[in-house]
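Step one of this worksheet: look at the structure below.
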Amino acid sequence: MSFADIIMKIDNWLWATPLIVLVFGTAVAYCIAMKFGNVTKSKLQWKLLTSGSGSSEGISPFETFCSVAAYRVAVGNIGGVMVAIMYGGPGAVFWMLVTALVTSAIAYAENSLGQIYKVRMDGQYRGGPYFYMENGLPWKKLGKVVAVIFALLAMVGVPLLVTGPSANNIAMAFENSFGVAPVISGAVIAVLLFLVISGGVRRIAKFSTIIVPFMTIGYLIITLIVLIANASAIPSTIAMMVGSAFNSHALFGGMIGGAFSYGVKRAVNSSGSGFGETPPSAAAAETAHPATQGMVNAFSVYIDVAVCFCSGIMALITDCFNVLGADGVAFMHIGSGSEAMAVQAASNTAGVVWVQEAANSVIPGIGGALIAIALTCFAYSTCIAYYYEGESGLAYLFRNLKQETRGKLIWATRIIMPIMFFIWANVTASTAWAVSEIMFGLMSWFNIGALVFLLPTVKKVYDDYMAQRKAGVEEPYFNPQKLGIKNCDVWMEINKEQIEKEQMESEQKVNSR
């Protein structure tokens, strides 16, 4: 058995039904706990997104939102959607969209927890799953062990291993559209990667506010052009997608199990909800209440949903996709509606190439090139965000060392990560995806497990926030002592003025009785 075969087996074992059920079930539980506020309060989320500012210790909510969106909008939104279609049929796209909306509750939970248990370190706010595992779980020793394991995965796995699909898809896209060898595109992007991550969280945040809006709007425009050119096929394409999702489409009817499982798997891989990727960036924000940043970052799921839908609909409406049958043989979908048929495909390759060909069918030559550029922006911004997660894990593990020593270790990561990016640009796509999914699978088991036990804390903070807003408080603030939440000392300093005022008013009420 080859190394690639072993990697694939581990990937399939980690992402078996139990994890899919755990992720989806936890997301539904959080939706219920929040009364579906994660998807019904978009007006409030937009207001929070466009308000607030940074400080010497934290970045602004919008900068954090863009940094988090950089995690979410990645190669999984293009190549990952194509993998889902290949193994689960067109219905997988439908379940990707549903899962993304539902798991926005997990995005709220983990990002608000990142804020709740954040600390001050090296002149900035630091937070992440390791902090809320250690300080939030009721079993202190177990929480400490789990936190250390997760921090190791974040420090080593995220910046060095999960960048594989990003590097590989960039190389594939440039080779397909421009004939550029992977060794060249990998080297150029690796250098550009170093130039941004060497500036730390502030440079990363500033860069994200520029590239995230640009790349998202650009991709939507490309999709709109493809849809206009194929307007007559939109109804039948939507019908095929929904029919395949619910086992009512003749050609893909036997794939409903695959549609759901691959839809959930690829949606989670695409959005990153549950991986614990985004809490470090969320914790870096300057805000008066943890729920504020939780709501802002949950809103980023709409960008993820939009880009996933764009990728899926472009491939489906132009018939630029293959599907893997039960016998392991790839077949290609041809035609639409009742005239749809299947023929054996010459190749079962899935990835960005399908979306490029979809764009080329409308804008010959140029369309594929534009997709290559868009993918590069997606993957590049994601890798930058991945670096910060690795840095945060390192900062947690070595927080007791001198700042100078910790700084040297951080710089070592900044140098090694671009080198690993270059290596990943020159390996097979299947290995890159499998290694990435193994790391994310491991992180999901630990992080989702912690979120299950921390649901009461998240709900308590969410209810407090909404109660303050309902009472007319323009900017709700967090008082952990009032809510009975321990190990949140930094908040007593952040909101010192409001808390002291609240205590004084409470004492005056008591004395006046």
Side-chain angles (χ1 to χ4, degrees), residues 39 42-43 45-46 49-50 62 65-82 84-85 90 92-94 96-101 104 107 166 169-170 173 177 207-235 237-238 241 266-267 270-272 296-318 320-321 351-382 385:
V39 291
S42 55
K43 185 177 180 181
Q45 290 170 314
W46 178 256
L49 171 63
T50 55
F62 181 70
F65 170 83
C66 289
S67 298
V68 168
Y71 280 104
R72 300 201 190 291
V73 183
V75 294
N77 295 76
I78 302 180
V81 176
M82 299 304 104
I85 292 174
V93 178
F94 174 86
M96 282 190 75
L97 302 179
V98 172
T99 301
L101 289 171
S104 66
S166 297
N169 273 264
I170 287 177
S177 288
F207 178 81
S208 296
T209 59
I210 297 172
I211 194 170
V212 167
F214 166 77
M215 69 186 188
T216 305
I217 294 172
Y219 199 63
L220 291 175
I221 292 173
I222 296 172
T223 304
L224 187 60
I225 294 172
V226 173
L227 289 178
I228 291 173
N230 296 273
S232 61
I234 292 177
T237 301
I238 298 296
M241 187 191 305
R266 297 303 338 156
S270 171
S271 69
V296 167
N297 289 350
F299 187 71
S300 64
V301 73
Y302 292 109
I303 293 181
D304 180 64
V305 168
V307 177
C308 280
F309 179 77
C310 287
S311 299
I313 199 69
M314 277 197 283
L316 296 176
I317 204 168
T318 57
C320 292
F321 69 97
V352 65
V353 173
W354 290 358
V355 184
Q356 287 183 292
E357 292 309 311
N360 278 334
S361 70
V362 177
I363 320 172
I366 299 176
L370 292 175
I371 295 297
I373 294 171
L375 178 80
T376 301
C377 292
F378 292 162
Y380 181 57
S381 63
T382 299

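Note that the coordinates shown come from a computational prediction; the quantities given were computed from them, not determined experimentally. Along the sequence shown, residues are numbered consecutively beginning with 1. Computed over heavy atoms, backbone and side chain alike; hydrogens, waters and symmetry mates excluded.
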### Task
Could you go through the side-chain contact (heavy atoms from CB on, under 4.5 Å) check for M241 and I313 one step at a time?
CA-CA 9 Å; M241 187 191 305; I313 199 69; 4.0 Å; yes
### Summary
Residue set satisfying side chain to side chain contact (heavy atoms under 4.5 Å, CB included) with S361, at least two apart, ordered chain then number -> T318
### Task
Taking side chain to side chain contact (heavy atoms under 4.5 Å, CB included) as the test, write out the residues that go with I221, two or more places apart.
I217, I225
If every non-hydrogen atom of [X] is compared with every non-hydrogen atom of [Y], which pair is closest and at what distance?
X	Y	answer
C320	W354	O-CB, 3.3 Å
G365	N360	N-OD1, 3.1 Å
V226	A358	CG2-O, 4.4 Å
A107	A298	CB-CA, 4.3 Å
A359	I371	CB-CG1, 3.8 Å
V39	S104	CG1-OG, 3.7 Å

Nearest 0.5 Å, what's the [atom1]-[atom2] distance between [X] and [Y]?
X	Y	atom1	atom2	answer
I222	I366	CD1	CD1	11.0 Å
E357	M314	CD	CE	12.5 Å
L227	I234	CG	CD1	5.0 Å
M82	L316	CE	CG	7.0 Å

### Query
Applying side chain to side chain donor-acceptor pair (under 3.5 Å), which residue pairs with at least one partner in residues 217-233 are found, sequence neighbours left out?
Y219-S311
### Task
Step by step, work out the side-chain contact (heavy atoms from CB on, under 4.5 Å) result for L220 and C310.
CA-CA 7 Å; L220 291 175; C310 287; 3.3 Å; yes
